[in-house]
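Just so it is clear: chains get the letters A, B, ... in the order the sequence lines come, proteins before strands, and each one is counted from 1.
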Number of protein chains: 2
Amino acid sequence: MTVEAIFEATIQVLLRDGMNALTTTRVAERAGVSVGTMYQYFPNKQALVYALNARYLDALAARIEVTCQEQSGAPLGPMVEALIETYWTAKTERADITQALYRSVAELNNDALIHAFADRVDRATTEMFSSASDANFADTSRTNLSLVTVIYGTVRNAFERALSEREVTDLKQDLKTMCRAYLANVTV
Amino acid sequence: MTVEAIFEATIQVLLRDGMNALTTTRVAERAGVSVGTMYQYFPNKQALVYALNARYLDALAARIEVTCQEQSGAPLGPMVEALIETYWTAKTERADITQALYRSVAELNNDALIHAFADRVDRATTEMFSSASDANFADTSRTNLSLVTVIYGTVRNAFERALSEREVTDLKQDLKTMCRAYLANVTV
DNA sequence: CCAAAACCTGAAGCTTTCTTCACATTGTGG
DNA sequence: CCACAATGTGAAGAAAGCTTCAGGTTTTGG
């Protein structure tokens, strides 16, 4: 489909030349369509980048929701590990795309996008944690916020450092350790 | 000083209008100088943004180094709390600037900048942790990497969610808890 | 006080990019 | 096979930005 080709081309250009070089002409060329076609699907360049990110975040949220449902009722330890695993995998299996998108959102008015995503995902994780067989939080939403902020933040920062495979494995392991240790502390 | 005015103007424009609207004309205008003057100090626009970030990261690294020296020889618990406190404060005391810079680096070829910063700071924190009165790591550099990645990542992610003051306080507290709990696990 | 250096000015050239629109091509239902 | 809708084309207009440079102003040091 044309739209799909345009999205793919956008990612390619973003990867190859960065956000500065992301021009309508270049995207259209790489997508194998004319500029006019692009404007039939997106009112302007910003809308294109916005749509690309929305699409990506939607897919990511959906994956997290699946994990949360799968883990419903499980003990907290496996739960948090599954969440880390899902998020980490989703971000790293196409690391190049993740990186490209991280850069492209920076110059968007992305607050609405980010918050909608955060709200949706928070709802899923909060519900999951509440359902844990050993759930007994003093403050569920606080614990949820701390966990997800630490996890998502760590993954993102791991991207900015060029870590070796070994370092990534170790870091992921340690993140799990930290989250489990934290949960042991905050459950009554 | 002129250069300082230009830097300040760059931040202002970045804050008010975002990276898209960061034009040489606008920066010069806001700085109260002519465009020509700007080009006497920076060979081009990118160099300006680069220099701004370099300057900021240098100051941040210096602050972290001070904390690391102050904490030399202390126990691990206070150490990691001091690191969190320093980093968090440095990032939040001028949250607007932090946000503006996070956005501006995105479209820089920032790898060199980021890695130089990471190396410098990692050296300081690794040395600090090694000096701890109760230091006894199986793998010092691994533990260091895990701690700093989690801490810096969490702070960054906290920025993207619009957290209330209460949530920030709680999150910081929980981050400290997590780091201490982690340290208790990895020290022999 | 003066000459040289340092610093500043901002209009204009050049380039690049976004966006439009009149027209061409392709697909579809009868 | 035809008429009509949907889709695609790409040259050109319009706007905006980066950078230069010839010349003005201020500072410095003797």
Practice problem: May I ask you to decide whether A:R63 forms a salt bridge with A:E93, counting only side-chain N to carboxylate O separations under 4.0 Å? | Solution: yes
Exercise. Work out which heavy atom in A:R26 is nearest to a heavy atom in A:V13; give both atom names and the distance.
Key: O-CG2, 4.2 Å
Quiz item: So, is A:R26 near the phosphate of C:dT17, with a side-chain N or O under 4.0 Å from OP1 or OP2?
Solution: yes
Quiz item: Under 4.0 angstrom, heavy atoms only, what part of the nucleic acid is B:F42 near: base, sugar-phosphate, or nothing?
Solution: nothing
Quiz item: Over how many whole Å does the gap from B:Q40 atom CD to C:dG10 atom P extend?
Solution: 14 Å
Self-check item: Any B:S34 side-chain N or O less than 4.0 Å from OP1/OP2 of C:dT9
Solution: yes
Exercise. Scan A:L22 against the nucleic acid and name what it touches under 4.0 Å (heavy atoms): base, sugar-phosphate only, or nothing.
Key: sugar-phosphate
Quiz item: How close or far is atom P of C:dT17 from atom CD of A:Q46, stated in whole angstroms?
Solution: 17 Å
Quiz prompt | Whole angstrom value for the distance that separates C1' of D:dG8 from CE of A:M38 | solution = 14 Å
Self-check item: Spacing of A:Y41 atom OH relative to C:dT19 atom C1', expressed in whole Å
Solution: 18 Å
Exercise. Mind listing the closest non-hydrogen atom pair of A:R156 and B:E160 along with its distance?
Key: NH1-OE2, 3.0 Å
Exercise. Quick one: label B:V35 by what it contacts on the DNA or RNA (base, sugar-phosphate, nothing), any heavy atom closer than 4.0 Å.
Key: base
Quiz item: Within less than 4.0 Å of OP1 or OP2 of D:dT7, is there a side-chain N or O belonging to A:T37?
Solution: no
Quiz prompt | Residue A:Y39, side-chain heavy atoms: nucleotide from D:dT9, C:dT20, D:dT19 that is nearest | solution = C:dT20
Self-check item: Candidates D:dC18, D:dG8, C:dT19 - which lies nearest the side chain of A:N44
Solution: C:dT19
Exercise. Check the distance between D:dT27's P and B:M1's CE and give it to me in whole angstrom.
Key: 16 Å
Quiz item: Is the closest basic N to carboxylate O distance between B:K172 and B:D174 below 4.0 Å?
Solution: no
Quiz prompt | Over 12 non-hydrogen atoms of neighbours within 6.0 angstrom of CD in A:Q99 | solution = yes
Quiz item: C:dC18, D:dT19, D:dA11: which one has an atom nearest the side-chain heavy atoms of A:T23?
Solution: C:dC18
Exercise. Give a yes/no answer on whether the side chain of B:T2 brings an N or O atom under 4.0 Å of OP1 or OP2 in C:dC7.
Key: no
Exercise. Using heavy atoms to find the nearest nucleotide of DNA chain C for A:N20 and A:P43 separately, return the residue whose nucleotide is more 5′.
Key: A:N20
Exercise. Can you tell me the distance, in whole Å, between the CG atom of B:L48 and the P atom of D:dG17?
Key: 15 Å
Quiz prompt | B:K45 side chain, from C-beta outward: closest of D:dC18, C:dC8, D:dG8 | solution = D:dC18
